Amino acid sequence: MLIFKQQLAQVIAGLPLAKDAGLTAPAIEAAFSAPPKPDMGDLSLPAFPLAKALKMAPPQAAAKLAEALQQQQLSYCSEIRTAGPYVNFYLKADALARDIIGDVNGRSPGDALEQWHYGDNESGNGKTVVLDISSPNIAKPLGVHHLRSTMIGNSLKRIYEANGWRAVGVNHLGDWGTGFGKLIAGLCEAFPDIALKVGRKHTTPAEIEASFQGWSAEDLNQIYARFSQRSKDDPALEDAGKREFAYLERALDATLDDDDPETAHMRRNFRLWEYIKRISLREFEVVYRLLGVKFAPWPLVYPELKQMYERDGAAFFREYGLYTGESYFVAGAPYCKQLIEDAKKAGIAEHSEDAYVIFVDGKDKPPILLLKDDGATSYHTRDMAGGRYRRDHFQMDKGVYVVDFRQGLHFKQLFKGLEMLGHEWAKECVHVEFGLMLGKDEETGKWGIFSTRKGKILLLHDLLNDAIETVKKIVAEKNPDLAKDAGRLTEIATRVGVGAVVFNDLKQGRRNDVKFDWDEVLDFSGETGPYMLYQYVRLGSVQRKFRERYGEVSGTPDYAKLTHPQERELLKMIASFPEAVERACRENEPSVIGRYLLDLSALFSSYWTATKDEGIVGDDRNLSQARIALVGALRKVLGRGLALLGLRLVDEM
RNA sequence: GCGCCCGUAGCUCAACGGAUAGAGCAUUCGCCUUCUAAGCGAAUGGUUGCAGGUUCGAUUCCUGCCGGGCGUACCA
């Protein structure tokens, strides 16, 4: 309703009454709300601030304001009434329809999602936000809990873009740390022949590839878990893990061509690590493809991606996020070393308990750990380095870290530490925290964290496939014609099934823990992704019916025909979409859009049933034309909104 | 101990300081010859954890309790 709020706020701010009270247009605009019931008007303005400034009772102030406004000749306003301390505005039906549908069609021309930009704004123009999203650890399969950062982050990226920002998605892979030393130690112990072969100088990539034929991230995870478990009571194994990691770390700075044992050792560890990464990413890609998100290894290596980036950087960042593993800041870019030097030079790093640390919040609070007592970097160091890198390479104005809430302290320290180094931009960095994915314990009935430790991890890939298969069954039952085409069925079932899982995750406020209920996720009735996609399909099929019956019709419809009360509600709902897009961005909260779309879908579904007998497309051609204009606008808004959540659209299901 | 988050209908969640606190699920009752019933309508269901405070107005802000979750330098 922004377009009307703005116009009215201008008018009101110009009144002597408002001037006396010191009310400005922006303040008035923000004060508007929707009346609780449709028959109470379309917009409502509480008169409390006015009453206070003019020192009169609120209802009296409301009456005075209404009186002044009634003399203003507002073309789009049919009536202004007071209800106690509120001034309620009734907008003219045809003005509502003409302005709102016109606005939608102006900003969302055509029939392709790519052209739909109604709801967008320019508030972020010229600024770059870098979003840290997904960021799984390698050498472990993706579990259901990885859905959250990936899809909240993906949605936020799109929402920022809709708010005018250039948005760069970064997948900050956990691909570094002493854990990889243990994994390598465990791997070499269990598969000495592979270790031997990989370490030899002349072993070709194809031979290494063959050695790891059929390996999965879960295999790696098992090897790590077993070794890690054993090393708990065996200091020798603990040391072995540290030693292997040290060789890996040294390999980054070495030329690996020599034949001496030290070099061979480094080479072996480095190659093993590369393959650990390759096995993991290959597996991640399958899931990311299902989810509809893409990441490109950064810096770019593949020629076609490089070309695309050079041709149109903005388009590239819209389509691809970037993989920048933690290792990159140790190896590829010398950011960690530089950071440590700078911290020492600035005098904020100090020696404590054999480590280098920065106390960001007094000596009694945990500090940032810059260098461990064994000289290795910690994740603090790598995140600080990563932040600087993002600033330097992507001109980051704002950093958004989509990471679960348990890392709250870490990010607080991170931002503070960067500020202490003189980086003002760190003030614009936020930790967009989210709740955990909880599973129900069958025995105790209590909700608890999905754990990798107990080995009871629910794989994201399995969940998505299950959802897809469930959708296939439902389609076979409800839409047999569609089910006959196996290719189409798979495509649609994928979109609907994945959409169900994704929306289940995005529909509630991100801070809440998600209580994952298998039955509920696979139940597609009520407030679900499939419900909204279903409404989207209905909107499309009623448009199709109109074209079949009346053909292509041009000219402005007779909007005065839209007298159905729900048509008015739908129009107002459409008009408030831009506010949802703005608020979702301001609060880093995709569920704002999710909630909005559920309300929009429910309202339309109700309208659909209410008009079932006469038909949205019926015998009255002019009425049908006006209604189909409304339907067209609704479809564009719903489609655009779903895309902002990261759902993919379907035209039948 | 200190710090962060949370507590709303039987369950899962909404409500950007505003009017009679709303949805979905579950339960009960209705509605498909038609543009897809993955839908719609209705009924039932509340001392918003407790006690104070600020305010014309508090689920929302502040303080204190109670209850739950998480974090608290060498795993990230």
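Keep in mind that what you see is a predicted model, and the values were worked out from it rather than measured.
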Distance to the ring centre below 6.0 angstrom and angle to the axis at most 45 degrees; does that hold for A:R81 and A:Y90?
yes
N-glycosidic conformation, B:C6 - syn within 90 degrees of 0, else anti:
anti
Close side-chain approach of [X] and [Y], heavy atoms under 4.5 Å:
X: A:L237; Y: A:F227; value: yes
X: A:I133; Y: A:L156; value: no
X: A:F359; Y: A:K365; value: no
X: A:L173; Y: A:P136; value: yes

Using atom [atom1] in both nucleotides, what's the gap between [N] and [M] to the nearest angstrom?
N: B:C62; M: B:C6; atom1: P; answer: 11 Å
N: B:A51; M: B:A76; atom1: P; answer: 48 Å
N: B:C11; M: B:G30; atom1: C1'; answer: 25 Å
N: B:U8; M: B:C61; atom1: P; answer: 15 Å
N: B:A58; M: B:G24; atom1: C1'; answer: 27 Å
N: B:C32; M: B:A38; atom1: P; answer: 15 Å
N: B:U59; M: B:G18; atom1: C1'; answer: 13 Å

[atom1]-[atom2] distance between [X] and [Y], expressed to the nearest 0.5 angstrom:
X: A:E238; Y: A:K182; atom1: CD; atom2: NZ; answer: 4.0 Å
X: A:I348; Y: A:I358; atom1: CD1; atom2: CD1; answer: 4.0 Å
X: A:E249; Y: A:D374; atom1: CD; atom2: CG; answer: 8.0 Å

Is it the case that the ring center of A:Y379 lies less than 6.0 angstrom away from the ring center of A:H410?
yes
Does A:Y401 have its ring centroid less than 6.0 Å away from the ring centroid of A:F415?
yes
Protein proximity profile, [range] - base contact B, sugar-phosphate-only contact S, no contact -, cut-off 4.0 Å on heavy atoms:
range: nucleotides 67-76 of chain B; result: --BSSSBBSB
range: nucleotides 22-32 of chain B; result: -BSS-------
range: nucleotides 53-58 of chain B; result: ---B--

Quick one: label [X] by what it contacts on the DNA or RNA (base, sugar-phosphate, nothing), any heavy atom closer than 4.0 Å.
X: A:V475; result: base
X: A:R583; result: base
X: A:G618; result: nothing
X: A:D175; result: nothing
X: A:P85; result: nothing
X: A:S33; result: nothing

What is the separation between atom [atom1] on [X] and atom [atom2] on [N], rounded to the nearest whole Å?
X: A:I616; N: B:U36; atom1: CD1; atom2: P; value: 10 Å
X: A:L45; N: B:A19; atom1: CG; atom2: P; value: 15 Å
X: A:W447; N: B:C13; atom1: CH2; atom2: C1'; value: 13 Å
X: A:F434; N: B:C6; atom1: CZ; atom2: C1'; value: 17 Å

If only side-chain N and O atoms count, and only distance matters, is there a donor-acceptor pair under 3.5 Å linking A:S123 with A:E582?
no
Would you please determine if the base of B:A19 is stacked by A:Y86, with stacking meaning a centroid separation under 5.5 angstrom and planes under 30 degrees?
yes
Using the side-chain heavy atoms of [X], tell me which of these nucleotides is nearest: [options].
X: A:S541; options: B:A19, B:U36, B:A38; value: B:U36
X: A:R538; options: B:A38, B:U36, B:A19; value: B:U36
X: A:W608; options: B:U12, B:A38, B:C35; value: B:C35

Is [X] close enough to [N] that one of its side-chain N or O atoms is under 4.0 Å from OP1 or OP2 there?
X: A:T528; N: B:A38; result: no
X: A:N504; N: B:U12; result: no
X: A:Y607; N: B:C35; result: no
X: A:S605; N: B:G39; result: no

Steps toward side-chain hydrogen bond (donor to acceptor under 3.5 Å, both in side chains) verdict (A:Q535, A:R538):
CA-CA 5 Å; A:Q535 305 314 323; A:R538 280 174 157 181; 3.0 Å; yes
Is the backbone of A:D620 close enough, under 3.5 Å, to the side chain of A:E614 for a donor and an acceptor to pair up by distance?
no
Earlier contact from the 5' end, RNA chain B, for A:V537 and A:S601:
A:V537
Contact nearer the 5' end of RNA chain B, comparing A:E587 with A:V87
A:E587
The criterion is side-chain hydrogen bond (donor to acceptor under 3.5 Å, both in side chains); which residues satisfy it with A:D523, sequence neighbours excluded?
A:S525
Please map the stems of RNA chain B, keeping only stretches of three or more Watson-Crick or G-U wobble pairs with both distances under 3.5 angstrom.
B:1-7 with B:66-72, B:10-13 with B:22-25, B:27-31 with B:39-43, B:49-53 with B:61-65
What residues, two or more places apart in sequence or in another chain, satisfy side chain to side chain contact (heavy atoms under 4.5 Å, CB included) together with A:A57?
A:P59, A:Q60
